[in-house]
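As the structure lists them, so they are numbered: ligands from 1, and atoms in each ligand from 1.
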Amino acid sequence: MAELRRWMTWFALGMLAVPAAVAQQRRATTKGPELDPQIAAAVKEVSPARVKASIEKLVSFHNRSTLAAADAASIARGRGIGAAREWVRSEFERYSRDCDGCLKVEMQSFTVNPPARRIPKPTEIVNVMATLEGTDPANAGRMYIVSGHYDSRNSDNDNVTDAAPGANDDASGTAVALECARVLSKHKFPATIVFIAFAGEEQGLYGSARYAEAAKAAKLDIEGVLNNDIVGGNRTPGDKTQQPQWVRVFSEGVPSAATPEQIKLIRATGMEDDSPSRQLARYIRDVAQQYVPGFEPKLVSRPDRYLRGGDHMSFNEQGFAALRLTEYREDYNHQHQNPRIERGVEYGDLPKFVDFAYVANVARLNAATLASLASAPAPPANVRLPTRNLENDSTLTWSASPGSLATKYEVLWRPTTDSDWPPQNVEAVGNVTQATLKRSKDNVIFGVRAVDSKGHRSVAVIPLPER
Ligand SMILES: [Zn+2]
């Protein structure tokens, strides 16, 4: 039941996803959300030049396969996965020095022994992470994660000697996590933000799987994961099909971790389009309209592309809300390929095919989303929809938002056939823990969210039916 409640708290995160003009109108009627100057400042700080420098540095390690060299001599020569992770760590530590030690930098290390998929020899896998602890003790337990994977591969999984530049897959995502750490560490947020570079992704999500399993075992309150993988905005010369104003956001529908009882509830209440991950995707779209106008998340209602997977799925499998950001159109000649020219076609995942301005926009979107989530109050707790009587009104009850940041609450609703929350369907109900609406619960999906004195909104919570 605890799992179910955790899951339900995420149901209505996407309440804010509305066209800009309508959002403006709603702001006028509900007093918020205004732009937060701190979030706007962090977004403005994102630098395409810094993103470019990070990607080129990662490529300089020649081959970042998780199976590649990690011995001291190779690290000293700047070659292999070991040198790459030492550099990522040194970057996090450098940002931390600039904020009086505000980042806690850690390595999570473990060894995988054969037999294991695509791992032919005992291999150490190391995740590199930095934590910006929330400043409010009552809210610091809430965690939001941004990730990329710093390992790479070429045409052959076992080839650790030829170049595996991985500029797009996934130095781009690693650069996004680094840039978010750099710009957000200059600010303070009530809740906690974690920046992670995973390893072992190309062999089968080894690094993220271990992290997510440990997080679940430790009962960490991870409320959202933004995984960035192939966000380079590939720009092959002559290609006219890339859309540099769009980034795809993949999210699961029915949660991977749902129990048979939870699936039964989803079926009974018509919540197939309301997973926690789907709500996070909708939230991102609203943040884009607020803070990165002109850059549009294109939501895709499936966990990932055909034949592919990513580190967000490790979190989904442990019951956490997580999604994947990927460029609009991929060029498979520039992924998982030995750099070479064949019949006039250039292969290889090289920096010259990366659009650094595009990666910077993805970083802006991530930074604004993380900052919005970490600034907002915790969602209201114990949200319920009493269903004891046959009636045409609907009453919702809840407990105050844990952490005491909330100063009022809003009830939202949408037709069961709509994927988005209509912007006009919001009622501010004050600083209360119960509301009755002249609207039948049989016809709509309800949500309740907490709002603070500055207009930061929590994720909304879909009520559990209560008999
Ligand atoms: Zn990848």
Undergrad: Taking the six-membered ring where the residue is Trp, are the ring centres of Phe110 and Tyr206 under 6.0 Å apart?
TA: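 Ring centroids of Phe110 and Tyr206 are no less than 6.0 Å from each other.
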Undergrad: Quick one: does Asp151's side chain have a donor or acceptor within less than 3.5 Å of a partner on Ser65's backbone?
TA: no
Undergrad: Compare all side-chain heavy atoms of Val51 with those of Val176 and state whether any distance is below 4.5 angstrom.
TA: no
Undergrad: I'd like to check Arg248 versus Glu330 (side-chain heavy atoms, cut-off strictly below 4.5 Å). Are they in contact?
TA: yes
Undergrad: How about the Zn ion (ligand 1), which protein N, O or S atoms come within less than 2.8 Å?
TA: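 Atoms qualifying: His149 NE2, Asp169 OD1, Asp229 OD1, Asp229 OD2.
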Undergrad: Do Glu252 and Ser256 meet the criterion of a side-chain donor-acceptor pair at a distance under 3.5 Å?
TA: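 Result is yes, a qualifying pair exists.
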Undergrad: Examine the side chains of Thr326 and Asp229 and answer whether a donor and an acceptor come within less than 3.5 Å of each other.
TA: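 No, no side-chain donor-acceptor contact under 3.5 Å.
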